[in-house]
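Heads up: the structure comes next, in structure tokens.
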2 protein chains.
Amino acid sequence: MRRIATRLPAEPVIYLGDTARVPYGTKSADTVIRYARACATLLCKRNVKLLVVACNTASAYALDTLREELPIPVLGVIEPGAQRAVQATRNRKVGVIGTVGTVRSGAYQAVVHALDPAIEVLAKPCPLFVPLAEEGWLEGPVPAQVAHAYLDELLAAGIDTLVLGCTHYPLLRSVIAEAAGDAVTIVDSAEATAAVVADTLAAMGLACAPGGPPPRHRFLVTDDPAGFARIGARFLDEGHPARDLAEVEWVDFQ
Amino acid sequence: MRRIATRLPAEPVIYLGDTARVPYGTKSADTVIRYARACATLLCKRNVKLLVVACNTASAYALDTLREELPIPVLGVIEPGAQRAVQATRNRKVGVIGTVGTVRSGAYQAVVHALDPAIEVLAKPCPLFVPLAEEGWLEGPVPAQVAHAYLDELLAAGIDTLVLGCTHYPLLRSVIAEAAGDAVTIVDSAEATAAVVADTLAAMGLACAPGGPPPRHRFLVTDDPAGFARIGARFLDEGHPARDLAEVEWVDFQ
């Protein structure tokens, strides 16, 4: 959301956080597909012109289903991140960290191998990173030790590129980068995804013309709006989108 | 479930794990009440004679609502644990650790103060303990450091009793007890709750007669049954209930 709003300042964004059912990363494929379909249906009723599945687990499990079922373009976060990793690696050893679901799905491995079958992909689930990020426990000995516990195996295997394969992980970027060391390039799929959104809107003639008044973003959540406003500010800029956190709307799909 | 099945070996138990929507500990009161009501409705359709809300967060937020709405006795896990803590403390300083929801609700404080207003209750949310327990990360430097980060404040305040106010925490009991030290009595509400279940069934004339064939327990989950069987074995005994984990049934309330 933050990267897209920054990259495309003329586009109004409707953000839906399924905050009552998060985290998705520990759920089964069937459940993630069911919830992702419900989220997408709700957003389509609001007449969105393009859907970004801005969650790696939902992208890994539900992207094909949503592309088949929806009448609008659907973008995930895995393809853009995997492409960046393929461009970045020199020794063809890429590490991917993500949720249990994302790693188990094999989605990053599949996209990387479709681009370059010679690249070795080492994927590691890091389930403690999501609660650390949600709690704002972003520095100090505990996150550092957790990062080492997860990353040391990938580093020993010689990766030179590490994909942050979960939308929560950029909050822990400094602790992850410190554990990984200077020789490892960190890939954050958010920037890459925002670029693909821009390209897709342009190619389809769907982009808003620049120069108008600033767009009005909307935030929808399935749990308490006040709780979201508190945590959401941690993820969003101090600038434009955070201003709108005062107007969070509760929705549900039951 | 484990404590009840051990304490009441003649009683068949229907266990419902809302595994698609866990954890409850980070959700708002409204959402927890809505989900708890849906779980209770589903179990009542299976003709249970007594309902145990075997989750501290759901007990904290939804017990009063369920007691009003349901035609059967409803027991929570907070009252039994709070009673044990009141009996155990010598210096009248009781620590309670639980989820954000349980601590924010003030439910332990209210029950303890109803029994003895002179007892000081120091409650501390420990949100990382649930994912640590779910991941089976139960020993070593990371859980020990997390335990110290949470408990040191309570220990400095001089508690002599500590309530494990979340059904996940007994898995981390050894690391919690080590951080707390020998001078602190640990209270696990599961045993206390099982005793109250036995007393209630007896008092209402609802107890099954002993001596029959072993009862058939049932396990219902809202996410993938195979995933539950894997994690559930960590919580349940190697003995009787685990045997039944082969027969986990998927249910949903939508």
Side-chain angles (χ1 to χ4, degrees), chain A residues 17-35 37-38 61 99-101 104 125-137 139-150 152 168 221-231 248 250-254, chain B residues 17-35 37-38 61 99-101 104 125-137 139-150 152 168 221-231 248 250-254:
Chain A
D18 187 13
T19 48
R21 290 171 193 80
V22 288
Y24 279 20
T26 50
K27 302 189 200 307
S28 68
D30 283 354
T31 294
V32 171
I33 291 171
R34 207 152 38 95
Y35 290 171
R37 182 188 281 129
Y61 281 140
T99 65
V100 171
R104 192 170 46 200
C126 303
L128 264 291
F129 279 162
V130 167
L132 283 170
E134 294 262 352
E135 293 311 314
W137 205 343
E139 51 191 22
V142 168
Q145 211 154 23
V146 171
H148 273 293
Y150 287 140
D152 286 353
H168 278 73
V221 293
T222 56
D223 199 357
D224 179 34
F228 174 76
R230 213 166 39 241
I231 290 194
V248 180
W250 182 80
V251 294
D252 200 25
F253 25 85
Q254 285 181 56
Chain B
D18 187 12
T19 49
R21 292 172 191 78
V22 288
Y24 277 22
T26 50
K27 302 189 200 308
S28 69
D30 283 353
T31 295
V32 170
I33 290 170
R34 208 151 38 93
Y35 290 172
R37 183 187 282 128
Y61 281 139
T99 66
V100 170
R104 191 169 48 199
C126 303
L128 263 290
F129 279 163
V130 167
L132 283 170
E134 293 262 352
E135 293 309 316
W137 203 344
E139 52 190 23
V142 168
Q145 210 153 23
V146 172
H148 273 292
Y150 287 140
D152 285 353
H168 279 73
V221 293
T222 57
D223 198 358
D224 179 35
F228 173 76
R230 213 168 36 242
I231 290 194
V248 180
W250 182 81
V251 294
D252 200 24
F253 25 85
Q254 285 182 56

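Chain letters run A, B, ... following the sequence lines, proteins first and then strands; every chain starts at 1.
The parts of B:Asp223 that come within reach of chain A are both its backbone and its side chain, each placing non-hydrogen atoms under 4.5 angstrom from that chain. For chain A, the nearby parts of B:Ala20 are the backbone and the side chain; heavy atoms of each come within less than 4.5 Å. In this structure, the portion of A:Val22 lying under 4.5 Å from any heavy atom of chain B is its backbone and not its side chain.
Evaluation of the salt bridge (charged side-chain N to carboxylate O under 4.0 Å, His left out) rule for A:Asp18 yields A:Arg21 as partners, not counting sequence neighbours. Partners of A:Arg37 by salt bridge (charged side-chain N to carboxylate O under 4.0 Å, His left out), not counting sequence neighbours, listed by chain and number: A:Glu69.
Atom NZ of A:Lys27 and atom OG1 of B:Thr222 lie 8.0 Å apart (nearest 0.5 Å).
Residues B:Glu134 and A:Thr26 have side chains not in contact (no heavy-atom distance under 4.5 Å, counting atoms from C-beta outward). No side-chain heavy atom of B:Asp224 sits less than 4.5 Å from a side-chain heavy atom of A:Asp30.
If you tally non-hydrogen atom pairs under 4.5 Å between each of A:Pro23, A:Pro141, A:Ser28 and chain B, the highest count goes to A:Ser28.
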